[in-house]
Amino acid sequence: MSHIETIQVNTEHKMIPVQLHTDLSGLSEEIAKLPGVTSIFLITERSIHSIYTKYLEKELLPLGIRFQEIYIKGGEKAKHIEKTGDVYNQLIKHGADRKSLILAFGGGVVGDFAGFIASTYLRGIRFVQIPTTLLACVDSSVGGKVAVNADLGKNMIGSFYQPEFVFAPLFALSTLPDREWRCGQAEIIKHSLLSGGEYWEKVKAHSFQDLNVDSPVLPYMIAESVRFKASVVSSDEKETGLRKILNLGHTTAHAIESVTKYKKYSHGEAVAIGLVTALLISEEKSGLDPVTTKETVESLKNYQLPFQTKLKSKELAKHMLHDKKNVGGSIRFVLLEKPGSPVYDIPVDSRDIILNIRKQKGLG
Ligand code: NAD
Ligand code: GLY
């Protein structure tokens with residue numbers, strides 16, 4: 001049996017099951033439940049697809065529905081508005097219609113890109129998220145944010161567009177490079193801090209080595225993260241309020257990525273550093289006990305993630321002012337009062353940010 005657990009995202013207009021499976025078996029049954037699918041378009045990266053072709057074909061061929069692969073290149077450069085034209089043309093050439101189904105098979109890049117294509121092709125056709133990275137399992141495949149990049153900003157063109165379902169085949173993580181595992185683990189640490197309670201205790205008690213495809217800890221942590229994110233998205237799909245908490249650590253992370261032109265740090269590494277900045281500011285602004293910051297730094301070490309950067313604090317603060325999530329001139333932060341009690345939209349002036357990033361440089 002492949003099924004591990006299903007967690008529901010309930011938005012105003014749609015119920016989206018997020019299914020955790022050991023492998024891909026059962027995918028065909030789930031697709032067969034969708035009414036009237038006439039053709040399937042598998043949007044993926046060639047390198048990921050080549051590892052899992054036989055498993056995908058085993059599921060898709062018996063359906064007797066025409067299917068076609070469409071390959072995109074990997075990385076942020078490929079997740080660009082300019083790359084969409086070729087994919088739309090391939091869909092048109094292969095006769096994709098309103099009853100076609102897009103399968104997004106890959107990490108967050110494929111999921112965001114293919115979801116964006118699904119949301120715009122013929123004003124929206126159905127799609128399914130099949131996440132193959134830890135980050136995509138716990139974060140990007142859940143919640144319906146789809147987007148592509150513009151020259152001047154990441155994820156600047158997109159929408160909220162929910163998949164029919166998410167099917168996470170955890171065996172795909174067996175081929176994931178260590179750095180990508182760490183990326184997902186940074187989001188797991190973020191979710192556990194936001195969620196607090198038993199999840200935070202479990203995350204603290206484990207480390208990088210414990211999260212692997214053979215460990216029972218892995219499905220537990222993925223399920224807890226998905227459950228947490230699903231509950232947040234279910235109450236605020238369009239990020240008018242509560243959903244903003246999911247950006248804990250992201251204000252600094254985006255600045256780090258932008259200053260280093262997305263080359264030095266992976267997103268997860270930048271989030272890890274950003275979490276510590278947010279916690280140090282939380283100590284001053286929202287009464288966080290410094291013990292939580294210490295424990296977070298210890299956990300980041302245990303999960304082999306960075307917790308500080310040598311980048312200039314002034315330069316980072318300058319980039320934060322350009323973040324699309326800021327209103328007017330003030331920099332808005334998500335902060336923590338304690339694990340499980342986040343607050344959002346807290347204005348923090350750049351002087352405080354600079355001082356705390358400097359303080360962060362002295363941690364260790
Ligand atoms: P990614 O999609 O670039 O994947 C990371 C690397 O792993 C790539 O090189 C990819 O080819 C490789 N890979 C993927 N699956 C593999 C597998 N099973 N085995 C071996 N290699 C594999 O990166 P990501 O971290 O999954 O996603 C990052 C993207 O997600 C960013 O663009 C970010 O903006 C987006 N994101 C979106 C949301 C959202 O809510 N929509 C949330 C978080 C992040
Ligand atoms: N990754 C943040 C969100 O989905 O809202």
Side-chain angles (χ1 to χ4, degrees), residues 9 18 23-24 43-52 55-56 71-80 104-116 119 129-149 153-163 166 168-188 190-191 194 213 225-226 228-251 253-254 257 262 265-271 274 324-325 334 344:
V9 178
V18 180
D23 53 38
L24 280 163
I43 300 185
T44 186
E45 284 177 48
R46 201 179 281 278
S47 57
I48 312 172
H49 181 243
S50 64
I51 311 174
Y52 296 101
Y55 303 99
L56 284 162
Y71 297 111
I72 62 165
K73 292 220 164 75
E76 287 303 321
K77 273 198 187 141
K79 203 183 110 177
H80 193 284
F105 184 73
V109 162
V110 167
D112 279 14
F113 185 94
F116 178 78
S119 75
Q129 289 273 18
I130 312 176
T132 65
T133 64
L134 182 58
L135 180 137
C137 289
V138 298
D139 194 354
S140 61
S141 68
V142 180
K145 276 189 182 177
V146 297
V148 290
N149 303 330
K154 210 182 135 180
N155 293 331
M156 290 303 276
I157 306 154
S159 55
F160 293 95
Y161 192 72
Q162 298 291 349
V166 180
L170 303 193
F171 82 144
L173 304 182
S174 62
T175 51
L176 205 58
D178 282 355
R179 196 172 185 197
E180 300 307 332
W181 274 97
R182 290 187 201 111
C183 258
Q185 287 166 356
E187 300 292 354
I188 282 177
K190 179 194 80 178
H191 283 151
L194 290 168
V213 278
S225 264
V226 170
F228 175 72
K229 184 162 182 184
S231 73
V232 173
V233 172
S234 298
S235 75
D236 178 25
E237 182 190 13
K238 302 274 169 73
E239 201 169 305
T240 53
L242 183 72
R243 186 167 178 168
K244 293 179 187 177
I245 64 169
L246 299 175
N247 295 317
L248 181 69
H250 281 61
T251 312
H254 289 155
E257 289 177 296
Y262 297 90
Y265 294 99
S266 68
H267 179 65
E269 288 162 354
V271 168
K324 69 176 186 276
K325 297 203 168 66
V334 180
Y344 57 89

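Whatever order the structure lists ligands and atoms in, that order sets their numbers, starting from 1.
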Less than 3.5 Å apart, which donor and acceptor atoms pair up between the side chains of residues 135-143 and the rest of the protein, not counting sequence neighbours?
{"from": "D139", "atom 1": "OD1", "to": "K229", "atom 2": "NZ", "distance (Å)": "2.6"}
{"from": "S141", "atom 1": "OG", "to": "A136", "atom 2": "O", "distance (Å)": "2.7"}

Check your understanding: Between atom NE2 of H254 and atom NZ of K154, what is the distance when rounded to the nearest 0.5 Å?
Key -> 6.0 Å
Review point. Atom CG of N149 and atom CD of E76: how far apart are they, to the nearest 0.5 Å?
Key: 5.0 Å
Exercise for review: Apply side-chain hydrogen bond (donor to acceptor under 3.5 Å, both in side chains) to the pair T175 and Y52, showing each step before the final yes or no.
Suggested key: CA-CA 10 Å; T175 51; Y52 296 101; 2.6 Å; yes
Review point. Parallel under 30°, tilted from 30 to 60°, perpendicular over 60°: which one fits the rings of H49 and Y71?
Key: tilted
Find all protein N or O atoms under 3.5 angstrom from an N or O atom of ligand 2 and list the pairs with distances, or write 'none'.
{"from": "ligand 2", "atom 1": "1 (N)", "to": "D139", "atom 2": "OD1", "distance (Å)": "3.3"}
{"from": "ligand 2", "atom 1": "4 (O)", "to": "K229", "atom 2": "NZ", "distance (Å)": "2.6"}
{"from": "ligand 2", "atom 1": "4 (O)", "to": "R243", "atom 2": "NH2", "distance (Å)": "2.8"}
{"from": "ligand 2", "atom 1": "5 (O)", "to": "K145", "atom 2": "NZ", "distance (Å)": "3.0"}
{"from": "ligand 2", "atom 1": "5 (O)", "to": "R243", "atom 2": "NE", "distance (Å)": "2.7"}
{"from": "ligand 2", "atom 1": "5 (O)", "to": "R243", "atom 2": "NH2", "distance (Å)": "3.3"}

Point to revise | Short side-chain to backbone donor-acceptor contact, T132 and A172, under 3.5 Å | key: no
**Study point:** Spacing of L194 atom CG and F228 atom CZ [to the nearest 0.5 Å]
**Key:** 4.5 Å
Practice item. Taking all non-hydrogen atoms of both residues into account, name the closest pair between G111 and A104 and its distance. Key: CA-CB, 4.0 Å
Check your understanding: What pairs with Y265 under ring pair (Phe, Tyr, Trp, His ring centres under 6.0 Å), at least two apart in sequence or on another chain?
Key -> none
Review point. What does the list of residues with a heavy atom under 4.0 Å from ligand 1 look like, ordered by chain and number?
Key: E45, I48, E76, K79, G107, G108, V109, D112, T132, T133, L135, D139, S140, K145, K154, N155, A172, T175, L176, P177, E180, K229
